[in-house]
Amino acid sequence: MIVRNVLVTGGAGYIGSHACTELLQANYRVVVVDNLSNSKAESLSRVEQITGKPVQFYQADIRDKQALTDIFSREAISTVMHFAGLKAVGESCEQPLNYYHNNVYGTLVLVEAMRDADVKQLVFSSSATVYGESVHVQYTEDFPLGPINPYGRSKAMIEDILRDLSAADTISKVQNPWKIALLRYFNPIGAHESGLIGEDPNGIPNNLMPYVSQVAIGKLAQLSVFGDDYPTRDGTGIRDYIHVVDLVKGHIKAIAALQGERFNAGACRAYNLGAGRGCSVLEIIETFERVTGKKVNYKIAPRRVGDLAECFANPERAIMELDWKVEKNLDDMVSDAWNWQKKNPEGYV
Ligand code: NAD
Ligand code: UFG
């Protein structure tokens with residue numbers, strides 16, 4: 001069997017470490033580039049522990065063209081999974097240049113290095129945040145884009161760049177055209193069932209699930225539920241939560257799809273990765289309390305600026321074209337998140 005080498009940018013991070021695990025278990029060889037700006041190398045040791053296989057790790061910034069060129073010349077990379085980037089919406093409003101530099105410029109440098117090495121298969125971490133506000137709450141890939149913050153705009157800009165890159169190859173009918181999957185994530189939560197890898201946010205978490213877990217374990221005093229007056233079934237915000245392991249399985253399926261007929265002549269195509277159903281904040285709290293037996297202390301607080309009432313994916317395209325579907329339910333997401341939190345109360349120390 002031919003072993004294919006996959007370069008995983010941001011592979012030490014939350015989603016990247018789960019992707020490395022899944023890739024190794026699917027018999028790919030994994031090469032990681034990460035500058036550890038929001039992660040620890042310990043996550044990769046844990047990946048090795050789970051899989052019993054090695055990860056080739058390069059500590060480098062994706063904006064360092066020479067470092068990337070060296071990696072491509074040393075490793076026979078066939079495909080790149082691109083997770084490296086900054087992801088905090090609030091921080092992106094305070095530091096827009098940092099976000100555009102890291103995410104947009106970083107991706108430009110990466111695709112230049114890929115082009116120079118003639119590696120033209122890419123799976124990119126996009127986000128549901130690229131969609132504009134809509135009267136419809138279930139998003140399909142052809143919805144108009146219209147992100148409302150610098151983080152979301154950085155993802156939409158990268159998508160534009162990648163579409164242009166692919167279109168240029170299609171027009172000139174090159175031999176080895178770009179094959180690109182833009183994977184638009186909804187709300188990834190949970191952790192690997194081993195409890196060895198999971199989400200390890202710096203400081204106070206912004207996102208709901210890590211906040212709930214830290215309240216339950218006693219690190220934080222109380223959860224603020226941002227708004228109970230939305231036009232939803234219980235007044236709280238509704239999102240499409242997806243287990244991180246289901247999410248990364250979608251990436252493995254995407255690599256396979258890039259080899260298939262749809263991408264033969266080159267293409268850049270977006271796919272929603274979500275469960276296709278929404279859960280409210282109160283439903284998350286109720287599920288957490290039932291599954292873990294722990295009380296979640298919470299209060300109702302004002303709405304958070306920039307939050308939508310409700311959004312969830314229409315994942316039909318990924319189901320049909322990637323042959324993918326979610327396998328885990330909300331109970332699994334919550335119990336795996338809690339297992340990780342209990343086993344690693346201080347994250348990766
Ligand atoms: P994360 O912060 O845990 O992982 C990102 C990794 O990239 C980190 O290990 C960080 O050190 C590394 N990194 C950042 N900038 C880098 C650079 N310039 N060079 C090299 N490494 C760099 O985040 P995550 O939750 O695993 O997210 C992974 C990707 O998925 C991101 O691109 C994010 O925008 C996207 N995404 C995440 C979510 C989510 O809810 N977690 C939702 C939608 C999209
Ligand atoms: N929420 C609370 N209290 C908290 C945190 C969140 O009530 O302390 C609520 C929010 O108001 C929202 C829901 O929980 O209704 C989910 O909020 P998250 O912050 O966990 O997730 P978002 O949907 O706001 O955003 C996430 C990522 C973005 C990404 C987006 C779409 O943080 O980066 O999903 O993929 F763009």
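Note that ligands are numbered from 1 as they come in the structure, with each ligand's atoms numbered from 1 the same way.
- Between Phe83 and His251, the gap from one ring centroid to the other is short of 6.0 Å.
- Using a 4.5 Å heavy-atom threshold, the side chains of Asn38 and Tyr14 count as separate.
- For the residue pair Asn176 and Asp118, a side-chain donor N or O sits within less than 3.5 Å of a side-chain acceptor on the partner.
- Within 4.0 Å of ligand 2, protein heavy atoms come from Lys87, Ser127, Ala128, Thr129, Tyr151, Tyr185, Phe186, Asn187, Asn206, Asn207, Leu208, Leu223, Ser224, Val225, Phe226, Gly237, Arg239, Tyr241, Val281, Arg304, Asp307.
- Within 4.0 Å of ligand 1, protein heavy atoms belong to Gly10, Ala12, Gly13, Tyr14, Ile15, Asp34, Asn35, Leu36, Ser37, Asn38, Ser39, Ala60, Asp61, Ile62, Arg63, Phe83, Ala84, Gly85, Lys87, Asn102, Ser125, Ser126, Ser127, Tyr151, Lys155, Tyr185, Pro188, listed by chain and number.
- A cation-pi arrangement is absent between Arg46 and Tyr348, since the terminal nitrogen or guanidinium carbon is not both under 6.0 Å from the aromatic centre and inside a 45° cone about the axis.
- Tyr131 and Phe143 have perpendicular rings, their planes meeting at more than 60° on a 0 to 90° scale where under 30° would count as parallel.
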Verify salt bridge (Lys or Arg N to Asp or Glu O under 4.0 Å) between Glu159 and Arg163, making sure each step is shown before the conclusion. CA-CA 6 Å; Glu159 285 203 0; Arg163 272 187 288 271; 3.2 Å; yes

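- The side-chain heavy atoms of Leu110 and His82, taken from C-beta on, include a pair separated by under 4.5 Å.
- Between Tyr99 and Tyr151, the angle of the ring planes goes over 60°, which puts this pair in the perpendicular group of the 30/60° scheme.
- The distance from the CG atom of Leu223 to the OG atom of Ser213 is 10.5 Å, given to the nearest 0.5 Å.
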